[in-house]
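Just below is one structure, and these are the notes that go with it.
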Amino acid sequence: MKLSEFVINDIKPLNGKNKVSDLQLLFNQLTFSHIPVQDDNETYLGCFSETDAHCFDAEKPLGEYQHAVETFFVRDTTLWLDVLEAFAVNSANIMPVLSEHNAYLGYYELNDIISLFGDSPFFSEAGGVLVVEKGINDYSFSEISQIVESNDGKILGAFISKMSTDIVQITLKIGNTGLNEIIQTFRRYSYNIVSGHEEDSYVESLKERSDYLNKYLNM
C-alpha cells in the first residue's frame, strides 16, 4: 500500500483572515497538536500549534500572528520512516503533505504512520529480539548479518537503538531459529549481549554452576 493512500483531507486549512477564535474552536473539537494554514491563493504557509493558539487574542485575525507559524511538512513521495522522523522532530500528531509542486494535499495522522511500523515484519513475524553492543568503530552490519545467517537465522529487522561516542547498540529481530547459538557466536566476536528475548542458556548455565559451587562450599 502506498503511503499517499493515508492522506486525509477532511479539514480545510484556515487562512490569515480567520479569527483566532476559529483556530481555538478547532483545537477544542479535535485532538490535533497543530492546524494548517494557507494564504488567499490556497498556498500552504505552515501550522499553528495548540499551545500558541490559546495564548493569542481570540478576536484578532490569524494574519497578525504569522511569526508563530511553523513551516514543517512532508511530500507525498516522502518515505514513511522519514515521515515518522518529521513527526518526532516537530512534536506533532498531524503532518501536512505537499505535492512536488507545493500543492497542499492534506495531512497524515501519527497513529496511521505508526500502524505501518506495527505491520512491518519486525513486529508481525515470529522471532526473537536480540540487543547487542560493541565499540562504535568495531562493529559492522555485514559482520552482524554473517553471524546470524551462519547460524541459519534470518534477520527480519535491524536498527541502531543507542549510540554514544564509544559504544553502539543494535536491536535485531531474528526468525527461523532459537537465539542461543547466535548469542554464543556474537560473544565469540566480542559483542556484548545487552538482552535477548529468548532464554540465554550461557548465562543460565553460569548461574547453575555458581549455585552448585555455593552449595558445595557450604557442605
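Worth saying up front: this structure is predicted, and the values here are computed from it rather than measured. Side chains are part of it too, since the values below use all heavy atoms of this structure and drop only hydrogens, waters and symmetry mates.
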Considering non-hydrogen atoms only, spot the tightest contact between Ala53 and Leu23 and give its length. CB-CD2, 3.6 Å
Near-ring test Tyr108/Phe6, centroid separation under 6.0 angstrom: no
Tyr191-Glu143 side chain donor-acceptor pair, cut-off 3.5 Å: yes
Over 60° means perpendicular and under 30° means parallel, so tell me whether Tyr44 and Tyr104 are parallel, tilted or perpendicular. parallel
If hydrophobic clusters are built by linking Ile, Leu, Val, Met, Phe, Trp and Tyr wherever their side-chain heavy atoms come under 4.5 Å apart, do Leu14 and Leu25 end up in the same one? no
For residues Leu172 and Met163: do they belong to one hydrophobic cluster (side chain heavy atoms under 4.5 Å, members Ile, Leu, Val, Met, Phe, Trp, Tyr)? yes
With heavy-atom distances below 4.5 Å as the criterion, would you say the side chains of Ile11 and Leu30 are in contact? yes
Considering all heavy atoms of both residues, which atom of Asn18 and which atom of Asp22 are nearest to each other, and what is their separation? ND2-OD2, 3.3 Å
Is the closest side-chain heavy-atom distance between Ile193 and Val132 below 4.5 Å? yes
Looking at every non-hydrogen atom in both residues, tell me the closest pair between Lys17 and Asp40 and how far apart they are. CE-OD2, 3.6 Å
Looking at Gln24, is its backbone amide N or carbonyl O close enough to the side chain of Asn28 to form a donor-acceptor pair, meaning the two atoms are under 3.5 Å apart? yes
Value for CG (Leu130) from CD1 (Ile144), rounded to nearest 0.5 Å, stands at 9.5 Å
In the structure I gave you, are the side-chain heavy atoms of Cys55 and Asp52 within less than 4.5 Å of one another anywhere? no
Give the C-alpha distance, both sets of side-chain angles, the deciding distance and a yes or no for side chain to side chain contact (heavy atoms under 4.5 Å, CB included) between Leu62 and Phe48. CA-CA 9 Å; Leu62 291 174; Phe48 282 112; 3.9 Å; yes
Under a 4.5 Å side-chain heavy-atom rule over Ile, Leu, Val, Met, Phe, Trp and Tyr, are Phe32 and Phe56 clustered together? yes
Using a 4.5 Å cut-off on heavy atoms from C-beta on, say whether the side chain of Met95 contacts that of Tyr107. no
If we only count heavy atoms from C-beta on, is the Asp166 to Ile136 side-chain gap below 4.5 Å? no
Would the number of heavy atoms belonging to other residues, nucleotides or ligands and lying under 6.0 Å from OH of Tyr189 be above 12? no
Using the side chain to side chain contact (heavy atoms under 4.5 Å, CB included) definition, which of the options Val168, Ile170, Val194 pairs with Glu133? Val194
How many angstroms lie between CG in Leu84 and CD1 in Ile114, if you round to the nearest 0.5 Å? 6.0 Å
Just how far is it from atom CG of Asn137 to atom NZ of Lys134, taken to the nearest 0.5 Å? 11.0 Å
For the pair Asn151 (side chain) and Ile147 (backbone), establish whether a donor and an acceptor sit closer than 3.5 Å, ignoring hydrogens and angles. yes
Under the side chain to side chain donor-acceptor pair (under 3.5 Å) rule, what do Ser115 and Asp112 come out as? Steps first, then yes or no, please. CA-CA 5 Å; Ser115 71; Asp112 290 337; 5.0 Å; no
Carboxylate-amine/guanidinium contact Glu59 Lys19, below 4.0 Å: yes
Rounded at 0.5 Å granularity, tell me how far OG in Ser150 sits from CD1 in Ile182. 8.0 Å
For the side chain of Tyr65 and the backbone of Asp57, is there at least one donor-acceptor N/O pair under 3.5 Å apart? yes
Does Leu156 belong to the same Ile/Leu/Val/Met/Phe/Trp/Tyr cluster as Val131, with side-chain heavy atoms less than 4.5 Å apart forming each link? no
Are Ile160 and Ile167 grouped together when hydrophobic residues (ILVMFWY) are joined by side-chain heavy atoms under 4.5 angstrom apart? no
Within a strict 4.5 Å, meaning less than it, do heavy atoms of the Thr71 and Leu45 side chains meet? no
Do His34 and Glu70 have side-chain N/O donor and acceptor atoms under 3.5 Å apart? yes
Derivation and outcome, side chain to side chain donor-acceptor pair (under 3.5 Å), residues Ser140 and Ser142: CA-CA 5 Å; Ser140 74; Ser142 60; 3.2 Å; yes
Would you compute the distance between atom CG of Asp39 and atom CD of Gln66 and round it to the nearest 0.5 angstrom? 9.0 Å
Sort and list the pairs that fulfil side chain to side chain donor-acceptor pair (under 3.5 Å) and have at least one residue in residues 77-101, not counting sequence neighbours. Ser33-Asn93
Provide the closest heavy-atom pair for Cys47 versus Pro96 in the form atom of the first, atom of the second, distance. SG-CG, 3.5 Å
CZ of Phe159 to CD of Gln169: how many Å apart, nearest 0.5 Å? 10.5 Å
Taking C-beta and beyond as the side chain, do Val129 and Leu179 meet within less than 4.5 Å on heavy atoms? no
Run Gln184 and Asn180 through side chain to side chain donor-acceptor pair (under 3.5 Å) and show every step you take. CA-CA 6 Å; Gln184 309 317 320; Asn180 186 58; 2.9 Å; yes
Flag, side chain of Asn41 to backbone of Thr43, donor-acceptor distance under 3.5 Å: no
